[in-house]
Protein chains: 2
Amino acid sequence: MTPTPTPAAASAEWLRLDNQICFSLHAASRAFNSVYRVTLKELGLTYPQYLVMLVLWEEDELPVKKLGEHLRLDSGTLSPLLKRLEAAGLVRRERSARDERSVEVRLTEEGAALRERALQVPRRIAEATGLDPREINDLRERLDRLTETLDSAGLDPAALEETPGCR
Amino acid sequence: MTPTPTPAAASAEWLRLDNQICFSLHAASRAFNSVYRVTLKELGLTYPQYLVMLVLWEEDELPVKKLGEHLRLDSGTLSPLLKRLEAAGLVRRERSARDERSVEVRLTEEGAALRERALQVPRRIAEATGLDPREINDLRERLDRLTETLDSAGLDPAALEETPGCR
DNA sequence: CACAATTCAATTGCACACAACTAAATGGCC
DNA sequence: GGCCATTTAGTTGTGTGCAATTGAATTGTG
C-alpha cells in the first residue's frame with residue numbers, strides 16, 4: 001500500500017492520514033459536547049458553565065485568575081460566562097478587599113444547591129460513552145499526556161525554526 | 001479509598017472523576033486546536049477552514065450538503081465559513097444548474113495550489129503530538145468508536161427515560 | 001395540474017474561544 | 001514619595017458551533 005514512495009507522495013499520504021486524525025478529534029470533541037448539552041439542558045447550564053461549576057463545587061470561592069488556570073481559559077472567555085452565571089443567580093462576583101484587581105467568584109446558595117441535581121450527570125455521560133471506568137481512565141490519561149505534549153510543543157517558537165522544509 | 005461508600009458519596013466521587021474526564025477532553029481538544037492554529041497561520045487558514053480544504057483537495061467539487069456530511073457541520077456553520085474562503089479567493093460557490101436549491105463548492109486555482117504548502121502541515125502536527133504513527137492511529141480509532149457511540153446515545157430520546165433516578 | 005411534504009442553503013440569535021487591547025491596582029526600585 | 005513594570009479583569013473583534021427559523025426549489029401524491 002505505502003511502499004516507501006516518493007517524498008511528495010509520502011506527504012500526500014500524510015495529508016490523508018492527517019485528514020483522518022483531525023476529523024476524528026474534531027468530531028469526538030463535538031459529539032461529547034453534544035451529549036453534555038442535552039444532559040445539562042435541564043440544569044440550565046452549558047458545558048463550559050458546568051466546568052466552572054465543577055470547580056466551584058470543589059473550591060467554593062476563588063478569584064477569576066485561579067479559575068482560569070484550572071480551566072485553561074482566559075478572562076475574555078470567563079468574564080462574559082461568569083456574568084451569565086451571575087445573572088442566573090448561581091454565583092456572585094465581588095472585588096477582593098485585599099487586592100482590588102482581583103474578583104472573587106463564589107457560589108450562591110442556589111448555585112451550591114444545584115450540585116445535588118448535577119450528581120446524576122456523570123453517570124449519564126459515562127453510560128453514553130459506552131466505556132467502563134477503566135477505559136475512561138485510560139483515555140483520560142492519554143489525553144492528559146497529549147495535552148501536555150501539545151502545550152509544550154505549541155508554546156515553543158523554536159519548534160517552528162527547527163522544522164526543516166518550511167521554505 | 002473508595003470502599004463502596006453510600007450512594008450519595010459514590011455519586012460525589014463520580015462527579016470528581018467526571019470532572020477529570022471532561023477537563024481532559026476539553027483541554028486536549030483546545031490544545032490541538034491551538035497547535036493547528038499556529039501551524040495554519042502562515043497558510044491564512046483557521047482549523048475548520050483547513051478541514052474544509054482537506055475535503056476539497058480530495059473531492060475537488062461538491063455541494064454544501066455533502067461537505068456538511070463529511071464534516072458533521074450544518075449550513076449555519078458552513079455558510080459564513082465558505083463565504084470567508086470565497087472572499088480569500090480559495091473557493092467558488094455557485095448554484096447548481098440541475099438543482100437550484102444546491103450550491104456547489106469548488107476550488108479555485110489558488111485554492112488548489114495551496115495544497116502544496118499544506119503538505120508540510122501533517123508532519124508538524126504529528127511531531128507536536130509526540131506520538132508515533134501507530135499510537136496516533138490507535139487514538140484515532142478509539143475516538144471514532146467513541147464518537148459513534150456518543151452519537152447513537154445522544155440522538156436517542158429514550159435514553160433519557162430509561163435512566164432511573166432522574167426524578 | 002395542484003398541493004402538501006421535503007430538501008437545501010441562508011439567516012438569526014446565543015454562547016464559547018482566543019488574540020489584542022484597555023484600564024485599574026499593585027509592587028519593586030530608586 | 002514617585003515612577004515603571006507587572007498583574008488582573010474587562011472589552012472588542014473575529015471565527016466557529018448549533019438550534020431555530022425562513023424561503024426557495026423539488027418531489028410525491030392524488
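Below, read A as the first sequence line, B as the second, and so on, with proteins coming before strands; counting in each chain starts at 1.
The two residues B:L25 and A:S29 come nearest to each other via the heavy atoms CD2-CA, 4.2 Å. Among all heavy-atom pairs drawn from A:E104 and A:L62, the shortest one is OE1-C, 3.6 Å. The shortest heavy-atom contact between B:A118 and B:P122 is O-CD, 3.4 Å. Across every non-hydrogen atom of B:I136 and B:A126, the tightest pair is CD1-CB, 4.2 Å.
Residue B:R101 contributes atom CZ, which lies 17 Å from atom P of C:dA5 at whole-angstrom precision. Rounding to whole angstrom units, CD of residue B:E104 and P of C:dC8 are separated by 12 Å. For the pair A:L73 CG and C:dA19 C1', the interatomic distance rounds to 14 Å; values are reported in whole Å. Rounded to whole Å, the distance from CG on B:L40 to P on C:dC18 is 15 Å. Rounded to whole Å, atom P of C:dA25 lies 8 Å from atom CZ of A:R95. If you take OH of B:Y36 and C1' of C:dC18, they are 19 Å apart, rounded to a whole angstrom. Rounding to whole angstrom units, CZ of residue A:R98 and P of C:dG27 are separated by 10 Å. Remark: P of C:dA17 and CZ of B:R37 are 11 Å apart, rounded to the nearest angstrom.
A heavy-atom distance below 4.0 Å to DNA chain D is reached by these residues of residues 75-85 of chain B, ordered by number: B:G76, B:T77, B:L81, B:R84.
Comparing B:E69 and A:R72 against DNA chain C, the residue whose closest nucleotide sits nearer the 5' end is B:E69. Of the residues near DNA chain C, A:P48 and A:E100, the one whose nearest nucleotide (by heavy atom distance) lies more toward the 5' end is A:P48. Remark on DNA chain D: of its neighbouring residues A:V103 and A:A31, the 5'-side contact belongs to A:V103, judged by nearest-heavy-atom nucleotide. Residue order along DNA chain D, read from the 5' end via each residue's closest nucleotide, puts B:T46 first among A:K41 and B:T46.
Surrounding CD of B:E148 are at most 12 heavy atoms belonging to other residues, nucleotides or ligands under 6.0 Å away.
Between A:R92 atom CZ and A:T108 atom OG1 the span is 6.5 Å, to the nearest 0.5 Å.
Think of the region where chain B sits on DNA chain D: with heavy atoms and a 4.0 Å cut, that region ends 5' and 3' at D:dG15 to D:dT26.
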- Could you walk me through whether A:F32 and B:H26 pass ring pair (Phe, Tyr, Trp, His ring centres under 6.0 Å), step by step? CA-CA 9 Å; A:F32 238 117; B:H26 204 62; over 10 Å; no
* Going through the distances and angles, do B:N137 and B:R134 end up as a side chain to side chain donor-acceptor pair (under 3.5 Å)? -> CA-CA 5 Å; B:N137 216 43; B:R134 210 174 37 75; over 6 Å; no
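Backbone-only engagement by B:D99 is indicated by non-hydrogen atom pairs under 4.0 Å involving sugar-phosphate atoms exclusively.
Using cut-offs of 30° and 60° on the angle between ring planes, the pair A:W57 and A:Y50 is perpendicular.
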